[in-house]
Peer 1: 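Below is a structure I'd like to ask you about.
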Amino acid sequence: MKSNPHDWLNEHGNYLYRFALTRLRDPHQAEDVVQETLLAAIKNPNYAAQSSPRTWLTGILKHKIIDCMRKQVREIPASELLTEEDANMDEFFDETGHWAEKPQAWDVPHDALQQKQFLQVLQQCMARLPQKLAAIFTMRDVDEMENEEICKALNITATNAWVMLYRARMGLRKCLEMHW
Amino acid sequence: MLNCKQTSVLVSQSLDRPLTWRERWAVRLHLAICIYCRRFTQQLKWIRDAMQVWQQQVTNDSEIALSQAARERITQQLDKFY
């Protein structure tokens with residue numbers, strides 16, 4: 001099957017954009033990785049063996065997204081990468097290790113409207129997370145990447161990864177508790 | 001006996017790696033007596049599930065699309081190479 005890059009853009013551009021948007025959340029970055037993906041696809045158009053151009057393009061896109069996230073994390077000096085000791089979490093626990101603010105019971109969304117509102121608050125809370133934490137949390141909880149893959153992609157240790165994921169979840173949970 | 005802080009660390013890690021049986025046992029013991037850490041555990045799972053739902057909804061939402069400007073920019077780039 002012969003198809004050209006303009007067809008790819010027309011048929012799959014919006015899908016690729018939405019896929020990227022859920023990972024990067026920034027519309028401009030999402031547009032950029034879609035463009036990079038299509039350009040990479042032109043340079044290496046050996047998808048003949050693939051059943052679907054969309055699957056093939058999405059595969060390229062995933063790599064471009066990880067490159068983008070890697071840059072986000074790399075721009076942080078190594079000294080700021082979190083280690084186990086840094087995660088002292090004073091804001092969340094008192095000196096005896098008890099919750100400073102006890103987790104409240106949440107109303108689980110019951111209908112579609114409530115669920116939509118919950119998802120909106122969740123995204124607002126994601127936007128408040130430091131970018132590196134949002135990036136690693138997305139890799140783990142949206143893309144379900146294995147820890148090993150994440151560490152390799154971001155060039156961090158397993159301990160770094162666990163601490164960053166813990167930070168991300170604590171931050172998100174607290175934000176949701178305040179706003180949901 | 002674990003305190004809440006230690007428990008929360010292990011509960012988070014349980015979403016990322018298999019805990020040792022010793023850790024699992026310690027967490028279970030704490031959760032049995034602590035409603036707050038039980039809530040915390042449940043909420044982390046809700047957050048994970050909600051992220052998945054959100055991702056699928058956005059990816060399938062045909063109203064979200066590349067802007068006209070972005071589309072034109074990308075078309076120009078493609079023209080250079082094709």
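Proteins get letters first, then strands, A, B, ... in listed order; numbering begins at 1 in each. As a basis for the values below, the full set of heavy atoms in this structure was taken, side chains included, without hydrogen atoms, waters or symmetry mates.
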Peer 1: Are L10(B) and I35(B) linked, directly or through other ILVMFWY residues, by side chains that come within less than 4.5 angstrom of each other?
Peer 2: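 Yes: a chain of side-chain contacts under 4.5 Å links L10(B) to I35(B).
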
Peer 1: Carefully, step by step, assess I64(B) and L21(A) under the rule side chain to side chain contact (heavy atoms under 4.5 Å, CB included).
Peer 2: CA-CA 10 Å; I64(B) 302 173; L21(A) 196 60; 3.9 Å; yes

Peer 1: Counting C-beta onward and ignoring hydrogens, is there a side-chain heavy-atom pair between K102(A) and C4(B) closer than 4.5 Å?
Peer 2: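 A side-chain contact under 4.5 Å is absent here.
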
Peer 1: Heavy-atom distances under 4.5 Å only: say whether L176(A) touches chain B with side chain, backbone, both or neither.
Peer 2: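 Just its side chain gets close to chain B.
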
Peer 1: Is there any residue in residues 17-28 of chain B with a non-hydrogen atom under 4.5 Å from a non-hydrogen atom of chain A, and which ones are they?
Peer 2: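 From residues 17-28 of chain B, the residues near chain A are R17(B).
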
Peer 1: So, do L78(B) and L39(A) sit near enough that their side-chain heavy atoms are less than 4.5 Å apart?
Peer 2: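 They are in contact (side-chain heavy atoms under 4.5 Å apart), so the answer is yes.
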
Peer 1: Heavy-atom pairs under 4.5 Å with chain B: which of V34(A), D143(A), I150(A), L122(A) has the most?
Peer 2: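 It is L122(A).
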
Peer 1: How far apart are the closest heavy atoms of E31(A) and S67(B), and which atoms are they?
Peer 2: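 So the two residues come closest at OE2-OG, 3.6 Å.
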
Peer 1: Ignoring hydrogens, what is the shortest heavy-atom contact between Q35(A) and I74(B)? Give both atom names and the distance.
Peer 2: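 Distance-wise, the nearest heavy atoms are OE1-CG1, 3.6 Å.
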
Peer 1: Should V11(B) and Y166(A) count as side-chain neighbours, where that means a heavy-atom distance under 4.5 Å?
Peer 2: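 A side-chain contact is absent here, since even the closest heavy-atom pair is not under 4.5 Å.
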
Peer 1: Taking every heavy-atom pair that is under 4.5 Å apart, which of P103(A), P27(A), A158(A) has the most such pairs with chain B?
Peer 2: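 Most heavy-atom pairs under 4.5 Å with chain B: P103(A).
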
Peer 1: Would you please go through residues 113-121 of chain A and name the residues with a non-hydrogen atom below 4.5 Å from one of chain B, in numerical order?
Peer 2: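 Q115(A), F118(A), L119(A) fall under the 4.5 Å cut-off.
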
Peer 1: If Ile, Leu, Val, Met, Phe, Trp and Tyr residues are connected whenever their side-chain heavy atoms lie under 4.5 Å apart, and connections chain through other members, are L44(B) and W162(A) in the same group?
Peer 2: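 L44(B) and W162(A): separate clusters.
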
Peer 1: Check this for me: H28(A), atom NE2, are more than 12 non-hydrogen atoms of other residues, nucleotides or ligands nearer than 6.0 Å?
Peer 2: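 Counting other residues, nucleotides and ligands, NE2 of H28(A) stays at 12 neighbours or fewer.
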
Peer 1: Mind ranking V142(A), T138(A), N10(A) by heavy-atom pairs under 4.5 Å with chain B and telling me who comes out on top?
Peer 2: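 Most pairs with chain B among the choices: V142(A).
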
Peer 1: Heavy-atom distance under 4.5 Å to chain A: side chain of Q57(B), backbone, both or neither?
Peer 2: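 Contact with chain A: side chain only.
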
Peer 1: What residue, out of R140(A), R23(A), H98(A), E177(A), has the most heavy-atom pairs lying under 4.5 Å from chain B?
Peer 2: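 Greatest number of close heavy-atom pairs with chain B: R140(A).
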
Peer 1: Does some side-chain heavy atom of M51(B) sit less than 4.5 Å from a side-chain heavy atom of F137(A)?
Peer 2: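 They are in contact (side-chain heavy atoms under 4.5 Å apart), so the answer is yes.
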
Peer 1: Any chance NE2 of H63(A) has more than 12 other-residue heavy atoms, nucleotides or ligands included, within less than 6.0 Å?
Peer 2: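 Counting other residues, nucleotides and ligands, NE2 of H63(A) stays at 12 neighbours or fewer.
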
Peer 1: For the residue pair L172(A) and Q43(B), establish whether any side-chain heavy-atom pair is separated by less than 4.5 Å.
Peer 2: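 Of all side-chain heavy-atom pairs linking Q43(B) with L172(A), none is under 4.5 Å.
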
Peer 1: Does D141(A) offer a backbone N or O that forms a donor-acceptor pair with the side chain of Q52(B) under 3.5 Å?
Peer 2: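 Flag set: sc Q52(B) to bb D141(A) pair under 3.5 Å.
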
Peer 1: State, yes or no, whether a side-chain contact exists between D79(B) and H6(A) at a heavy-atom distance under 4.5 Å.
Peer 2: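 Counting from C-beta outward, D79(B) and H6(A) do come under 4.5 Å.
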
Peer 1: Within the 4.5 Å heavy-atom criterion, are R173(A) and F40(B) side-chain neighbours or not?
Peer 2: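 When only atoms from C-beta onward are counted, F40(B) and R173(A) do touch, with a gap below 4.5 Å.
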
Peer 1: Closest heavy-atom contact between L66(B) and Y17(A)?
Peer 2: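 Nearest heavy atoms, L66(B) then Y17(A): CD2-CD1, 3.5 Å.
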
Peer 1: Under 3.5 Å, is there a donor-acceptor pair linking the side chains of S12(B) and R169(A)?
Peer 2: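 Indeed, the side chains of S12(B) and R169(A) share at least one donor-acceptor pair under 3.5 Å.
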
Peer 1: Can you tell which part of L15(B) gets under 4.5 Å to a heavy atom of chain A, answering side chain, backbone, both or neither?
Peer 2: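 Both backbone and side chain.
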
Peer 1: Who wins among V58(B), T7(B), T59(B) for the most heavy-atom pairs under 4.5 Å with chain A?
Peer 2: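 Heavy-atom pairs under 4.5 Å are most numerous for T59(B).
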
Peer 1: Is it the backbone or the side chain of S8(B) that comes under 4.5 Å from a heavy atom of chain A, or both, or neither?
Peer 2: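 Both backbone and side chain.
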
Peer 1: In terms of heavy-atom proximity below 4.5 Å to chain A, should R38(B) be classed as side chain, backbone, both, or neither?
Peer 2: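 For R38(B), no heavy atom lies under 4.5 Å from chain A.
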
Peer 1: Could you grab the distance from atom NZ of K5(B) to atom CH2 of W99(A), nearest 0.5 Å is fine?
Peer 2: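 K5(B) atom NZ to W99(A) atom CH2 measures 11.5 Å (nearest 0.5 Å).
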
Peer 1: Return the option, out of A50(B), C34(B), A65(B), with the maximum number of heavy-atom pairs under 4.5 Å with chain A.
Peer 2: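 Looking at each option in turn, the highest pair count goes to A65(B).
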
Peer 1: Find out whether L9(A) and T75(B) are in side-chain contact, i.e. whether some heavy atom of one side chain is under 4.5 Å from a heavy atom of the other.
Peer 2: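 They are in contact (side-chain heavy atoms under 4.5 Å apart), so the answer is yes.
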
